[in-house]
Participant: 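Take this structure first; my questions come after.
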Amino acid sequence: MTDQRSDQVDRTEERRLIRKARAGDTAALRALVDGHKDRLFSFIFRMVRNHHDAEEICQDAFLKAFSSLDSYSTQYRFSTWLFTIGYRICLNNLRRKKALTGEASAHSIESQVTSDGQSPLESEDAARLRDRIWEAVDRLAPAQRASVLLFYRQEQSCQDIAKVLQVPVATVKSHLHRARARLRDALEPIAGTELGEWCNQAG
Amino acid sequence: MAECFGRGAHADITGMDCSQAHKLFDAYLDGELSPTLASELAAHRLRCAACRRALALIEVSSRVLLLDQSEPSLDEEFTDRLLACMNRPYASPWLRYRNRLVVFGSLATAAVVALAFLAPFSPERHVAGNKVTRDPLIVGDRSHEHRDFSVQGTPGVRSSVAERQPAESPSQVEVDLAEWIRNARTNIEAGSEESGAVMERIDLTILQLLDILESARDPASAWDHYPAKDASQDDEPGDVEEL
């Protein structure tokens with residue numbers, strides 16, 4: 001019940017900000033940007049795997065969202081709408097890259113940034129595990145990758161993911177099913193070492 | 001115990017087997033399993049190392065994906081830059097889109113008006129000594145050739161585009177205008193990267209349009225100026241229908 005009420009308050013505040021943003025209130029625009037930019041950038045960066053491109057796409061997504069605020073319906077969350085726009089721009093970016101390089105986007109990925117103590121996983125084994133997981137995610141098709149990122153990283157429901165990707169819920173579940181199989185296959189070879197004991201004891 | 005995942009099912013007396021458990025993995029990971037089935041799956045998981053391992057691999061992945069903080073973040077000035085971009089004309093992408101639409105729309109309108117204006121004027125072609133009117137003005141069963149692009153004083157001749165037979169090929173002027181529109185679009189899109197170059201490119205396309213209009217009035221002089229790629233086609237036999 002507390003979560004529901006909190007969500008209601010958030011939605012009310014969001015609608016207020018959007019009303020003011022439509023009227024050109026800069027403070028409202030700033031609040032909307034600051035409230036969503038980090039999550040949006042995180043998602044876009046993991047999709048395109050390039051810092052410069054991710055920042056540009058993030059900026060373009062906000063600009064497009066604000067330029068068409070009049071057509072936005074407040075029955076949807078602003079984040080859902082924003083992520084939908086961001087996802088579309090990501091797809092265009094990935095298609096352009098693929099056309100230029102002739103390679104899958106996964107092969108032009110930047111090297112992983114070290115955690116520098118920010119992640120609770122600090123050992124070499126943990127870093128290797130993390131790298132292997134992200135490598136598997138990067139090899140997924142864009143729609144599967146987006147589903148995994150939105151479900152696990154952004155903690156969105158299958159229904160919300162379906163709105164972002166503009167596909168049926170069943171399609172989202174199919175994407176997640178395939179992505180999980182890929183992740184499992186990617187970790188299987190190392191499950192006997194770093195993961196072995198943990199997996200056997202889990203549950 | 002034969003508890004191999006995907007290799008035959010082990011049926012417990014009171015619980016589910018591996019194949020049944022496998023079918024519930026996604027619903028369990030999506031958080032959509034009923035309490036009863038969740039309990040059954042949990043019980044099977046305790047007994048079956050293979051299923052325990054398979055689920056654990058995915059759960060480990062999900063934990064890492066959720067908790068990893070190794071990606072870069074936006075700098076603190078991102079919002080300021082974004083808001084400044086919104087207030088700046090031409091440098092803002094969304095304003096560029098809108099301005100591109102306005103500019104292109106205006107140019108396209110001008111092209112359509114020019115096309116309607118030039119419809120009566122069709123350039124003549126000379127093929128092997130025969131004067132052929134590529135876009136004849138047809139009224140009834142008669143075709144009429146004209147030298148001076150003027151339809152005045154010519155009884156029974158209409159110059160309306162709508163009255164041309166649908167099977168006719170477009171005139172050279174119409175072809176040039178269609179190409180001009182394509183080039184204008186390309187120029188505008190190319191110019192979107194540099195705000196200062198946009199107007200310069202628009203000026204260039206307007207000059208090209210004027211060149212086309214001039215060529216329609218006086219083909220002998222205008223074809224020298226306008227770099228039409230099909231200009232040499234005029235001298236090739238067989239390209240123009242004998243009407």
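Quick note on labels: first sequence line is chain A, next is B, and so on, each numbered from 1.
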Participant: Working note: A/Y152 + B/I58, criterion side-chain contact (heavy atoms from CB on, under 4.5 Å); need CA distance, chi angles, decisive distance, verdict.
Facilitator: CA-CA 11 Å; A/Y152 287 114; B/I58 302 172; 4.0 Å; yes
Participant: Salt-bridge test for B/R81 and A/E55: reply yes if a basic N is under 4.0 Å from a carboxylate O, no otherwise.
Facilitator: yes
Participant: Which atom pair, heavy atoms only, marks the closest approach of B/S73 to A/H51?
Facilitator: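 Here B/S73 and A/H51 meet closest at O-NE2, 3.7 Å.
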Participant: Taking atom CZ of A/R30 as the centre, does the number of heavy atoms from other residues, nucleotides or ligands within less than 6.0 Å exceed 12?
Facilitator: yes
Participant: To check you understand the geometry: which heavy-atom pair defines the closest contact between A/K37 and B/D75, and what is its length?
Facilitator: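 In this case the closest contact between A/K37 and B/D75 is NZ-O, 4.5 Å.
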Participant: Rounded to the nearest 0.5 Å, what separates atom CZ in B/R63 from atom CG in A/L129?
Facilitator: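 Between B/R63 CZ and A/L129 CG, I get 12.5 Å after rounding to 0.5 Å.
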Participant: Check the surroundings of atom CZ in A/R39: do more than 12 heavy atoms from other residues, nucleotides or ligands lie under 6.0 Å from it?
Facilitator: yes
Participant: What is the minimum heavy-atom distance between B/M86 and A/F66, and which atoms define it?
Facilitator: SD-CD1, 3.7 Å
Participant: Return the option, out of A/A186, A/A136, A/C58, A/A179, with the maximum number of heavy-atom pairs under 4.5 Å with chain B.
Facilitator: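 When all of A/A186, A/A136, A/C58, A/A179 are compared, A/C58 has the most.
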Participant: Can you tell me how far apart CG (B/L66) and CD (A/E155) are? Round to the nearest 0.5 Å.
Facilitator: 5.0 Å
Participant: Is any side-chain N of the basic residue among B/D26 and A/R180 closer than 4.0 Å to the acidic one's carboxylate O?
Facilitator: yes
Participant: What distance do A/L176 atom CG and B/S62 atom OG have between them, rounded to the nearest 0.5 Å?
Facilitator: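 The CG atom of A/L176 sits 11.5 Å away from the OG atom of B/S62.
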Participant: For B/E76, does the CD atom have more than 12 heavy-atom neighbours from other residues, nucleotides or ligands under 6.0 Å away?
Facilitator: no
Participant: So that I can tick it off, tell me whether A/R46 and B/D68 are bridged by a salt bridge, with the cut-off set at under 4.0 angstrom between side-chain N and carboxylate O.
Facilitator: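 Judged by the 4.0 Å cut-off on N to carboxylate O distance, B/D68 and A/R46 do form a salt bridge.
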Participant: Output yes when B/E71 and A/R153 qualify as a salt bridge under the 4.0 Å nitrogen-oxygen rule, no when they do not.
Facilitator: yes
Participant: Can A/R184 and B/R53 be said to form a side-chain contact (heavy atoms from CB on, under 4.5 Å), step by step?
Facilitator: CA-CA 10 Å; A/R184 193 181 57 231; B/R53 178 193 179 92; over 6 Å; no
Participant: What's the verdict on side-chain contact (heavy atoms from CB on, under 4.5 Å) for B/D30 and A/F151, showing C-alpha distance, side-chain angles and the deciding distance?
Facilitator: CA-CA 9 Å; B/D30 290 341; A/F151 188 82; 3.6 Å; yes
Participant: Rounded at 0.5 Å granularity, tell me how far NE2 in A/H177 sits from CG in B/L29.
Facilitator: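 Taking NE2 in A/H177 and CG in B/L29, the distance rounds to 11.0 Å.
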Participant: Measure the CG-CG distance between A/L187 and B/L57 for me, rounded to the nearest 0.5 Å.
Facilitator: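 Atom-to-atom, A/L187:CG and B/L57:CG are 5.5 Å apart.
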Participant: Where on A/Q154 is there a heavy atom nearer than 4.5 Å to chain B: the side chain, the backbone, both, or neither?
Facilitator: neither
